Number of protein chains: 2
Amino acid sequence: MATSIAELIADRMDAMPTGEKRAAQTLIANYPLIGLKTVADFSHQAGVSSPTILRFVARLGFHNYAEFQSALQDELAAQLQSPLTRTAQTPPSRGRTAQTVDATLENIHGTFQHVSDRQIRDIVTLLSNRRCGIHLVGGRFTDPIARYMAAHLTIIRPNVSHLTGQESNWRDRLIDMGKRDVLVIFDIRRYQDSLLHFAELAAKRGIHIVLVTDQWLSPIARFSRHVIAGRTAVPSAWDSSAALFVIAEILIGELTRALETESQGRIREMEALRGG
Amino acid sequence: MATSIAELIADRMDAMPTGEKRAAQTLIANYPLIGLKTVADFSHQAGVSSPTILRFVARLGFHNYAEFQSALQDELAAQLQSPLTRTAQTPPSRGRTAQTVDATLENIHGTFQHVSDRQIRDIVTLLSNRRCGIHLVGGRFTDPIARYMAAHLTIIRPNVSHLTGQESNWRDRLIDMGKRDVLVIFDIRRYQDSLLHFAELAAKRGIHIVLVTDQWLSPIARFSRHVIAGRTAVPSAWDSSAALFVIAEILIGELTRALETESQGRIREMEALRGG
DNA sequence: CCTTTTTCGTAACGTATGATACGTTTTTTA
DNA sequence: TAAAAAACGTATCATACGTTACGAAAAAGG
């Protein structure tokens with residue numbers, strides 16, 4: 001049983017006629033990108049005609065060229081998502097735990113490969129205005145992350161609130177939010193309608209929305225000024241929110257640094273109150 | 001000077017109109033494969049129209065869609081040809097963000113190098129007895145993780161409670177806990193006295209304690225039946241709880257698998273209630 | 001060496017794709 | 001608030017693409 005298309009080709013290459021063998025060789029040589037181009041490109045590169053390419057693809061078991069390309073893309077997507085495990089692949093009998101941990105590490109790594117420093121900086125700038133209020137909210141499983149972030153932000157700056165309790169209460173809080181306020185939302189599949197409605201209402205009031213979501217992008221992205229997408233796929237019944245959690249920690253850390261001088265006094269004052 | 005298309009997008013994202021920004025976000029979130037598919041696929045995934053995608057591509061400086069795809073393919077080809085250099089990418093002048101992310105990855109990796117499968121299995125066995133109640137609690141910053149775990153456990157089994165609110169309330173709940181109950185505590189520096197006292201009281205009542213803490217071990221370890229220590233050091237003003245978060249996710253995942261057959265019916269029943 | 005079978009390319013076809021013009025809606029500016 | 005500008009989507013078009021039929025060429029078998 002061949003797991004990848006490359007292996008599949010290696011298996012059947014011997015049984016192929018001359019022209020298709022040329023196609024197979026050029027595909028292996030330029031794997032897999034040449035297979036993602038057009039049939040004409042592929043055939044030209046291989047020095048054969050277009051129908052030969054199609055016959056080659058059909059011989060591999062695909063019903064048409066599009067199906068063949070989809071398979072290549074899926075394979076490529078899997079590769080791109082896990083560049084680390086590929087090198088350290090096949091200590092075969094790893095436990096489920098180790099596998100899930102690896103997947104989580106990949107998710108975090110992959111997430112931040114597509115998050116630019118600039119994006120972080122912009123969001124931090126937005127959150128560092130102590131005049132404007134910051135409101136945090138999340139979905140069924142992500143609300144604890146909002147809470148975690150709120151717990152930290154409360155310490156380094158004023159005007160931070162975590163929207164808790166019944167969803168109807170959120171709307172009541174809208175009355176206190178102005179155009180200069182920022183709403184930080186955590187939302188992953190399966191996206192909750194209540195959050196979407198709330199975000200829509202907030203957006204209509206001109207409130208800036210910072211959305212932390214998964215790679216499929218919550219519909220709230222439509223109303224958001226800033227969107228950060230984290231990867232969530234792990235071999236488990238649940239999606240992993242670890243990447244979102246790290247995003248929150250990064251934002252916390254950077255914001256703390258940005259407000260360093262101002263927040264020092266605030267922290268000291270707090271500790272005094274706590275100690276007394 | 002932007003070297004990659006991803007950077008190019010990050011640079012110009014701010015100056016883009018709403019629809020094109022959505023296109024940019026979905027491309028970054030599914031980078032780069034969505035850009036290699038057809039305009040129709042891309043536009044559908046982004047929730048905008050085809051012309052918006054083409055305008056987006058044009059704004060990036062490409063004369064047509066094919067040119068844009070070629071650029072993506074070239075970039076991808078370079079990546080695939082040197083899989084090793086990719087890890088060592090973004091070489092000397094890494095941002096603080098990247099450094100903190102790396103430290104977090106190290107923490108998680110290191111944490112699970114010292115956590116045995118056996119340990120996980122034992123804890124899962126302890127938590128899988130549906131007769132016994134599970135109570136979760138955490139400290140000032142770790143309580144959201146307890147909450148996160150509780151949100152999941154509530155779905156897959158009965159008798160799960162998150163100890164919320166004032167610390168004095170926790171003690172009142174002790175009266176309902178029996179010898180067969182399990183108390184899951186998250187606690188990192190600076191360890192809170194209130195948590196310690198509560199754990200001591202619980203231990204005296206014969207309640208099993210599962211402690212998730214940092215590598216310096218909370219004093220609660222003294223009363224705990226199981227202790228898992230996660231690494232927390234990052235170059236930031238705060239400690240990172242990401243490793244603890246992953247521990248929670250691992251426990252959730254394994255417990256879900258352990259209770260798979262029993263919890264299936266429960267989940268279905270829940271969705272029915274939710275839908276009705 | 002001739003016949004049969006397989007393989008391959010030319011050419012033509014229909015569809016799906018990228019591109020564009022235009023009207024509507026939204027946002028910005030006065 | 002009204003006018004101007006920008007942005008967006010619908011509908012349409014031209015073409016490039018994948019696909020197929022058919023005949024020529026090559027290979028295999030007798």
Side-chain angles (χ1 to χ4, degrees), chain A residues 5 9 12-27 32-73 179 199-209 217 219 221-225 227, chain B residues 5 9 12-27 32-73:
Chain A
I5 298 180
I9 293 172
R12 308 196 184 177
M13 182 134 59
D14 301 331
M16 285 184 187
T18 323
E20 300 181 27
K21 201 179 292 186
R22 286 247 289 284
Q25 285 161 351
T26 49
L27 176 57
L33 286 185
I34 189 67
L36 297 179
K37 295 185 189 282
T38 68
V39 175
D41 288 341
F42 193 171
S43 68
H44 183 261
Q45 177 98 5
V48 296
S49 67
S50 311
T52 300
I53 298 297
L54 296 176
R55 280 189 285 263
F56 160 69
V57 166
R59 193 181 295 268
L60 292 179
F62 299 100
H63 294 81
N64 53 34
Y65 195 68
E67 188 176 305
F68 164 71
Q69 286 191 321
S70 291
L72 279 181
Q73 287 199 351
K179 287 198 175 186
E200 190 170 4
L201 289 177
K204 277 183 183 164
R205 287 182 62 93
I207 299 168
H208 291 329
I209 295 180
L217 294 191
R222 174 187 212 89
F223 310 114
S224 304
R225 184 175 182 92
V227 177
Chain B
I5 298 181
I9 293 172
R12 308 197 183 176
M13 181 131 61
D14 304 328
M16 286 184 188
T18 322
E20 302 180 25
K21 200 179 293 183
R22 287 243 289 288
Q25 287 161 352
T26 51
L27 176 58
L33 286 185
I34 188 67
L36 296 179
K37 295 186 190 281
T38 68
V39 174
D41 287 342
F42 192 170
S43 67
H44 183 261
Q45 176 98 6
V48 297
S49 67
S50 314
T52 299
I53 297 296
L54 296 176
R55 281 189 284 262
F56 160 70
V57 167
R59 192 181 296 267
L60 291 180
F62 299 100
H63 294 81
N64 53 34
Y65 195 70
E67 188 176 307
F68 163 72
Q69 286 191 320
S70 291
L72 279 181
Q73 288 197 351

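Worth knowing before you read on, the calculation uses all heavy atoms, side chains too, and leaves out hydrogens, waters and symmetry mates. The structure presented is a predicted model; accordingly, all values stated were derived computationally and were not measured. All chains are named by letter (A, B, ...) in the order of the sequence lines, taking the proteins before the strands, and each is independently numbered beginning at 1.
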Taking only N/O atoms, report every protein-nucleotides 1-3 of chain D pair under 3.5 Å with atom names and distance.
none

* Asked: Can you name the nearest heavy-atom pair linking Arg12(A) to Gly61(A), along with the distance?
  -> NH1-N, 4.4 Å

* By side-chain hydrogen bond (donor to acceptor under 3.5 Å, both in side chains), which residues pair with Gln45(A), not counting sequence neighbours? -> none

* To do: Take the protein atom CD of Glu67(B) and the nucleotide atom P of dG18(C), then report the distance between them rounded to whole Å.
  => 15 Å

* Structure fact -> note: Ile53(B), atom CD1; dC8(D), atom P; distance rounded to Å ~ 11 Å

* Rounded to the nearest Å, what distance is computed from the CZ atom of residue Phe68(B) to the P atom of nucleotide dT17(C)? -> 17 Å

* To do: Scan nucleotides 10-26 of chain D nucleotide by nucleotide, 5' to 3', and note B when protein non-hydrogen atoms come under 4.0 Å of the base, S if they reach only the sugar-phosphate, - if neither.
  => B------SSBB------

* Asked: Can you name the residues that form a salt bridge (Lys or Arg N to Asp or Glu O under 4.0 Å) with Asp41(A), not counting sequence neighbours?
  -> none

* To do: Take atom CE of Met16(A) and atom C1' of dT6(C), then tell me their distance rounded to the nearest Å.
  => 16 Å

* By side-chain hydrogen bond (donor to acceptor under 3.5 Å, both in side chains), which residues pair with Glu200(A), not counting sequence neighbours? -> none

* Asked: OG1 of Thr26(B) to CD1 of Ile53(B): how many Å apart, nearest 0.5 Å?
  -> 6.0 Å

* What residue pairs, at least two apart or across chains, pass ring-ring contact (aromatic ring centres under 6.0 Å, His included) with a residue in residues 36-60 of chain B? -> none

* Should Met13(B) and Gln25(B) count as side-chain neighbours, where that means a heavy-atom distance under 4.5 Å? -> yes

* Asked: Quick one: ring-ring contact (aromatic ring centres under 6.0 Å, His included) partners of Tyr65(A), sequence neighbours excluded?
  -> Phe68(A)

* Structure fact -> Rounded to 10°, the angle between the first-five-pair and last-five-pair axes of the helix from dC1(C)-dG30(D) to dA30(C)-dT1(D) is 40°

* **Integer-rounded Å distance: dC8(D) C1' and Arg222(A) CZ** => 11 Å

* Could you list the residues that satisfy side-chain hydrogen bond (donor to acceptor under 3.5 Å, both in side chains) with Asp14(B), not counting sequence neighbours? => Arg118(A)

* **Partner set under side-chain hydrogen bond (donor to acceptor under 3.5 Å, both in side chains) for Lys21(A), not counting sequence neighbours** => none

* Structure fact -> Separation of dA6(D) atom P from Glu20(B) atom CD, nearest Å, is 14 Å

Measure all distances between protein nitrogen or oxygen atoms and nitrogen or oxygen atoms of nucleotides 26-30 of chain C, and list the pairs falling under 3.5 Å.
none

* Asked: What residues, two or more places apart in sequence or in another chain, satisfy salt bridge (Lys or Arg N to Asp or Glu O under 4.0 Å) together with Arg59(B)?
  -> Glu20(B)

